[in-house]
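One structure is given below, encoded as C-alpha cells.
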Amino acid sequence: THLSVTYSPVALEGSPGVLVAFEDLTALEQAVAMRRDFVANVSHELRTPLTALVGFIETLRGAARDDPGARDRFLGIMEREAGRMIRLVNDLLSLSRVEAEERRRPAKPVDIVGLLRAALVTHQETAKAAGIVLTLQADIDLVNLPGDGDQLTQVFHNLVENAMKYGGSGKEVTVRVSEIEREPVLKGPAVQVEVVDRGEGIDPLHLPRLTERFYRVDTHRSREKGGTGLGLAIVKHIVNRHRGRLKIESEPGKGSRFIVILPKN
Ligand code: ADP
C-alpha cells in the first residue's frame with residue numbers, strides 16, 4: 001500500500017494536471033502525514049530563530065545592559081536571526097505560489113540568455129569577494145521560450161547561489177546555456193542551462209532527496225550560510241511548471257552540475 005503519484009511533464013501536457021491515485025486509506029494517511037511533517041518542519045524552523053531572539057532580548061535587558069560591546073554583538077546576531085525568518089517566510093510564500101500555479105504553464109516569451117546575463121550580474125560582487133570566477137558561456141544568442149521570467153530568474157538565482165555557497169571551494173562557477181534539437185524525454189527542441197561548480201560535490205546517497213523541502217546534506221552548514229532548505233524545492237516546482245526537467249549530477253571531491261532543461265515550444 002503506497003501513494004502513487006504520476007508526475008511527468010509529458011503526462012501533464014494535455015491532461016488536467018497531476019494524477020494522484022489514492023490506493024486506500026493508508027495512502028491517504030500517508031499524504032496527511034506528509035502535510036503534518038511539513039507543518040512540524042516549518043514550526044521548528046521558525047522556533048529556532050525566535051527562541052534565539054527572545055534569549056538575546058532577555059540578555060540585553062539584564063546582564064548585557066551596560067556593556068556596549070556585547071550589545072552590538074547581540075544586536076548583530078538578532079538582525080541575522082530576523083533575516084533568516086524573513087527569508088524562510090519569503091521562500092514559503094514562493095513555494096505555495098508556484099504550487100498553486102503549477103497546472104498552468106506560463107507562456108510569455110522569455111529571452112533566456114538575457115535573463116541569465118542579468119541574473120549573473122547580481123552575483124558578480126559576491127563571487128569576486130569570495131574569489132570565485134563566475135562566468136556565463138552561451139552557445140546561443142537569442143532564444144525565446146514560453147515561460148515566466150521572474151520565476152526562471154529565481155531558479156537560476158537559487159542554483160548560482162548554491163553553487164557559490166556549497167561549491168565555492170573550487171573557485172569556479174560556470175553557467176552554460178545551449179540548445180538541444182530534440183530532447184529525448186520532452187520529445188522536442190529544448191534549451192539546456194547547466195550550473196557547474198568545482199566544489200566538494202554531493203554524496204550520491206543524498207541526490208534523490210535533495211529537492212525535498214528542508215532536506216539538507218549538512219543542516220548546520222546550511223543554517224550557517226543562511227539557507228532555508230527550500231531553494232531546490234522551489235527550483236523543482238518552477239521547472240515542473242514549465243514542463244521542463246531538472247537533473248543533478250555530482251561527483252564527491254570534484255563538484256556538482258545542476259541541469260535545467262526547458263522545452264522551446
Ligand atoms: P539550502 O537553503 O540549505 O541551501 P537548498 O534546497 O537550496 O537549501 O539545497 C539543499 C541542500 O543541497 C543544501 O543544504 C546543500 O547541502 C545541498 N546543495 C545544494 N547545492 C549544492 C552544491 N552546488 N554543492 C553541494 N551541495 C549542494
Side-chain angles (χ1 to χ4, degrees), residues 34 37-38 41-49 80-99 116 119-120 122-123 126-127 130-137 151-176 192-241 244-260:
M34 262 170 67
D37 281 354
F38 178 65
N41 274 326
V42 171
S43 310
H44 178 75
E45 296 286 335
L46 279 170
R47 193 178 54 184
T48 307
R80 219 171 48 228
E81 295 298 327
R84 176 197 307 290
M85 293 202 305
I86 293 174
R87 271 197 307 281
L88 179 61
V89 171
N90 282 339
D91 277 358
L92 285 168
L93 284 173
S94 293
L95 198 56
S96 74
R97 202 173 309 130
V98 179
E99 258 188 328
L116 286 169
L120 257 63
T122 64
H123 290 283
T126 322
I132 297 168
V133 180
L134 173 64
T135 40
L136 175 67
Q137 288 176 10
Q151 289 190 349
L152 289 176
T153 296
Q154 191 172 9
V155 164
F156 300 116
H157 273 312
N158 288 0
L159 293 180
V160 170
E161 217 172 271
N162 278 352
M164 296 205 291
K165 271 199 307 204
Y166 305 108
S169 58
K171 298 298 171 202
E172 234 181 83
V173 172
T174 307
V175 178
R176 196 175 303 131
Q192 169 171 290
V193 184
E194 299 159 83
V195 180
V196 186
D197 70 65
R198 310 211 176 283
E200 58 240 66
I202 304 158
D203 193 304
L205 180 100
H206 297 289
L207 289 186
R209 300 196 55 195
L210 221 55
T211 58
E212 283 176 24
R213 292 147 191 228
F214 298 117
Y215 190 86
R216 294 137 156 153
V217 174
D218 179 341
T219 305
H220 180 72
R221 188 150 172 244
S222 158
R223 285 233 172 83
E224 213 160 59
K225 301 209 172 240
T228 61
L230 294 173
L232 289 178
I234 294 172
V235 166
K236 191 191 73 179
H237 281 285
I238 295 176
V239 171
N240 281 346
R241 188 175 176 226
R245 302 178 64 199
L246 173 69
K247 293 198 283 184
I248 308 173
E249 297 168 1
S250 191
E251 213 179 316
K254 294 234 168 107
S256 311
R257 181 190 302 265
F258 288 74
I259 306 161
V260 174

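Since we're looking at a predicted model, the values are computed, not measured. Each ligand, and each atom within it, is numbered from 1 in the order the structure gives.
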Return the protein residues near ligand 1 (heavy atom under 4.0 Å from any of its atoms), ordered by chain and residue number.
Asn162, Ala163, Lys165, Tyr166, Asp197, Ile202, Leu210, Tyr215, Arg216, Val217, Ser222, Gly227, Thr228, Gly229, Leu230, Gly231, Leu232, Ser256, Phe258
Taking the basic N atoms (NZ, or NE/NH1/NH2) and the acidic carboxylate oxygens, is any pair closer than 4.0 Å for Lys165 and Glu224?
no
Looking only at heavy atoms, the pair that brings Ile202 and Pro252 closest together is O-CG, 3.7 Å
Can you sort out the partners of Ser222 under side chain to side chain donor-acceptor pair (under 3.5 Å), two or more places apart, ordered by chain and number?
Arg216
Between Glu99 and Arg213, is there a salt bridge with N-O shorter than 4.0 Å?
yes
Between Arg221 and Glu200, is the salt bridge (charged side-chain N to carboxylate O under 4.0 Å, His left out) condition met? List the steps.
CA-CA 13 Å; Arg221 188 150 172 244; Glu200 58 240 66; 3.5 Å; yes
Check Arg84 with Glu81, please: is the shortest side-chain N to carboxylate O separation under 4.0 Å?
yes
